[in-house]
Asker: 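Here you go, one structure.
When a residue number appears, it is its place in the shown sequence, counting from 1.
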Amino acid sequence: MIFTHSCNQPTIQLPNSALSGVNLIPGSDYKGYSMYEARIDAAQTVPLTSPEDKACVHYYYFITGSGKCEREGGKEGYDVGPDHVVALSSNITHTLKVSAEGAMRVLVVYYPDVTVAYKSLELVKSLSDLVGTERDISFGNGNSRRFTVKKDGFPLTITNTRVMASTSSKQEYKNQIEAAYYIAGTMTYHWQDGDGGWTGEQTKVDKKNGTNYFMNMHDKHEMVASDNDCFCICVFNPALTGNEIHNYGKDGFSSY
């Protein structure tokens with residue numbers, strides 16, 4: 001398990017050099033994907049594109065702020081705001097213009113695609129498109145709203161996950177590597193350290209920052225929520241089929 005508080009991270013240039021922000025999963029920690037939070041100033045215009053030096057499928061989860069995106073080739077644009085997701089293959093670029101009313105926080109994920117196996121993929125969805133549909137999965141102690149799943153053709157699953165207040169969830173992902181970036185609520189994770197003992201870390205979440213828990217070793221972990229609902233953005237590699245649920249009624253740690 002690796003945890004990262006964004007408030008403790010220095011501002012850097014992202015692999016797409018038009019963006020700056022903080023690194024939540026360094027490439028030295030995991031080769032499957034890298035993850036950042038971009039901070040984009042009001043009224044700024046930036047390309048949503050694959051990094052210049054490596055072809056990547058690129059994902060954007062808009063946390064705060066609002067703006068408008070333009071597609072290539074003069075196609076119809078679209079508005080983005082909190083809890084919108086844009087996912088694009090490496091050969092597609094959109095252009096984002098941030099509203100003059102305020103800056104944006106955007107979670108950015110890059111999945112390496114050196115052989116350009118993923119082509120002409122484009123997905124734009126909002127959380128409201130998912131709530132109450134087959135992609136809104138009750139997993140026992142909350143809801144996993146799945147923006148991308150395996151049938152969409154993308155290599156990763158991106159979710160908005162609500163964890164109910166005052167719940168405790170024991171989990172272990174045996175088939176996926178998961179990151180959970182908390183953007184609201186107070187959550188404490190407990191996991192085993194290298195010596196077999198248990199350790200823990202509480203989120204540091206405010207209007208400008210969040211906390212990421214990265215289960216890079218398929219870590220068994222327990223999530224303990226405070227007396228308010230908690231919300232996180234989850235990234236699963238490889239993608240979920242879409243109907244996975246947890247079973248907390250059995251002994252031990254629930255897994256997919």
Side-chain angles (χ1 to χ4, degrees), residues 2 4 6 9-40 44-63 67-78 80 84-98 104-125 146-159 175-181 212 214-216 233-242:
I2 299 172
T4 304
S6 67
Q9 299 299 104
T11 299
I12 62 169
Q13 187 179 70
L14 272 59
N16 167 7
S17 61
L19 299 174
S20 62
V22 298
N23 194 344
L24 300 173
I25 300 178
S28 58
D29 289 333
Y30 182 56
K31 301 302 182 184
Y33 58 84
S34 57
M35 195 165 87
Y36 305 82
E37 186 188 303
R39 281 82 183 270
I40 312 173
Q44 188 175 356
T45 298
V46 294
L48 303 182
T49 189
S50 180
E52 293 93 339
D53 64 340
K54 183 193 302 182
C56 290
V57 181
H58 43 123
Y59 303 79
Y60 307 87
Y61 189 111
F62 294 86
I63 301 171
K68 188 174 184 66
C69 288
E70 295 181 359
R71 292 179 167 94
E72 293 177 310
K75 298 178 182 177
E76 183 180 0
Y78 57 92
V80 291
H84 282 73
V85 166
V86 176
L88 306 170
S89 53
S90 64
N91 63 321
I92 295 180
T93 294
H94 289 185
T95 301
L96 166 68
K97 183 172 184 179
V98 180
M104 298 190 84
R105 294 173 57 200
V106 185
L107 187 76
V108 183
V109 181
Y110 297 110
Y111 178 90
D113 186 23
V114 177
T115 63
V116 192
Y118 300 91
K119 298 178 181 178
S120 303
L121 293 176
E122 175 184 290
L123 180 142
V124 178
K125 287 186 182 292
R146 295 165 179 176
F147 287 91
T148 56
V149 295
K150 188 175 181 179
K151 68 181 180 181
D152 296 319
F154 288 92
L156 306 177
T157 286
I158 309 292
T159 78
N175 299 306
Q176 274 86 23
I177 296 293
E178 185 213 14
Y181 185 53
N212 186 55
F214 185 43
M215 279 63 78
N216 62 318
I233 305 163
C234 294
V235 181
F236 292 92
N237 182 23
L240 301 175
T241 59

Asker: Please name all residues satisfying side-chain contact (heavy atoms from CB on, under 4.5 Å) with Ser90, sequence neighbours left out, ordered by chain then number.
Answerer: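 Once residues adjacent in sequence are excluded, the partners of Ser90 under the side-chain contact (heavy atoms from CB on, under 4.5 Å) criterion are Ser50, Ala55, Asp113, Val116.
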Asker: Would you mind listing every salt bridge (charged side-chain N to carboxylate O under 4.0 Å, His left out) that reaches into residues 146-157, with sequence neighbours excluded?
Answerer: Glu134-Lys151, Arg135-Asp152, Arg146-Glu244
Asker: What residues, two or more places apart in sequence or in another chain, satisfy side-chain contact (heavy atoms from CB on, under 4.5 Å) together with Glu52?
Answerer: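 Residues passing side-chain contact (heavy atoms from CB on, under 4.5 Å) with Glu52: Asn16, Ser17.
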Asker: Only counting residues at least two apart or in another chain, list the ones meeting side chain to side chain donor-acceptor pair (under 3.5 Å) with Asn23.
Answerer: none
Asker: Identify, with sequence neighbours excluded, every residue that meets ring-ring contact (aromatic ring centres under 6.0 Å, His included) alongside Phe154.
Answerer: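 Partners of Phe154 by the ring-ring contact (aromatic ring centres under 6.0 Å, His included) criterion, ordered by chain and then number, come out as Tyr59.
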Asker: Indicate yes or no for a side-chain donor-acceptor contact from His58 to the backbone of Tyr111 under 3.5 Å, with no hydrogens or angles considered.
Answerer: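 No, His58 side chain to Tyr111 backbone: no donor-acceptor pair under 3.5 Å.
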Asker: For Phe214, check ring-ring contact (aromatic ring centres under 6.0 Å, His included) against everything at least two apart and list the hits.
Answerer: Tyr30
Asker: Taking salt bridge (Lys or Arg N to Asp or Glu O under 4.0 Å) as the definition, give me every residue that meets it alongside Lys54, ordered by chain and number, with sequence neighbours left out.
Answerer: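 With sequence neighbours excluded, Lys54 shows a salt bridge (Lys or Arg N to Asp or Glu O under 4.0 Å) to no residue whatsoever.
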Asker: Using the side-chain contact (heavy atoms from CB on, under 4.5 Å) criterion, which residues pair with Val86? Sequence neighbours excluded.
Answerer: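 Partners of Val86 by the side-chain contact (heavy atoms from CB on, under 4.5 Å) criterion, ordered by chain and then number, come out as Tyr60, Phe62, Tyr78, Val80, Leu88, His94, Val124.
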Asker: According to side chain to side chain donor-acceptor pair (under 3.5 Å), who are the partners of Thr93, at least two apart in sequence or on a separate chain?
Answerer: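 Thr93: side chain to side chain donor-acceptor pair (under 3.5 Å) contacts with Thr49.
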Asker: In chain order, what residues pass the side chain to side chain donor-acceptor pair (under 3.5 Å) check against Tyr61, with sequence neighbours excluded?
Answerer: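 If we apply the side chain to side chain donor-acceptor pair (under 3.5 Å) test to Tyr61, skipping adjacent residues, the hits are Asp83, Asn160.
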Asker: Sequence neighbours excluded, which residues qualify as side-chain contact (heavy atoms from CB on, under 4.5 Å) partners of Val22?
Answerer: Ser6, Gln9, Leu24, Glu37, Arg39
Asker: Partners of Ser34 by side chain to side chain donor-acceptor pair (under 3.5 Å), sequence neighbours excluded?
Answerer: none
Asker: Grab the two heavy atoms, one from Leu19 and one from Ile40, that are nearest each other, plus how far apart they are.
Answerer: CD2-CD1, 3.8 Å
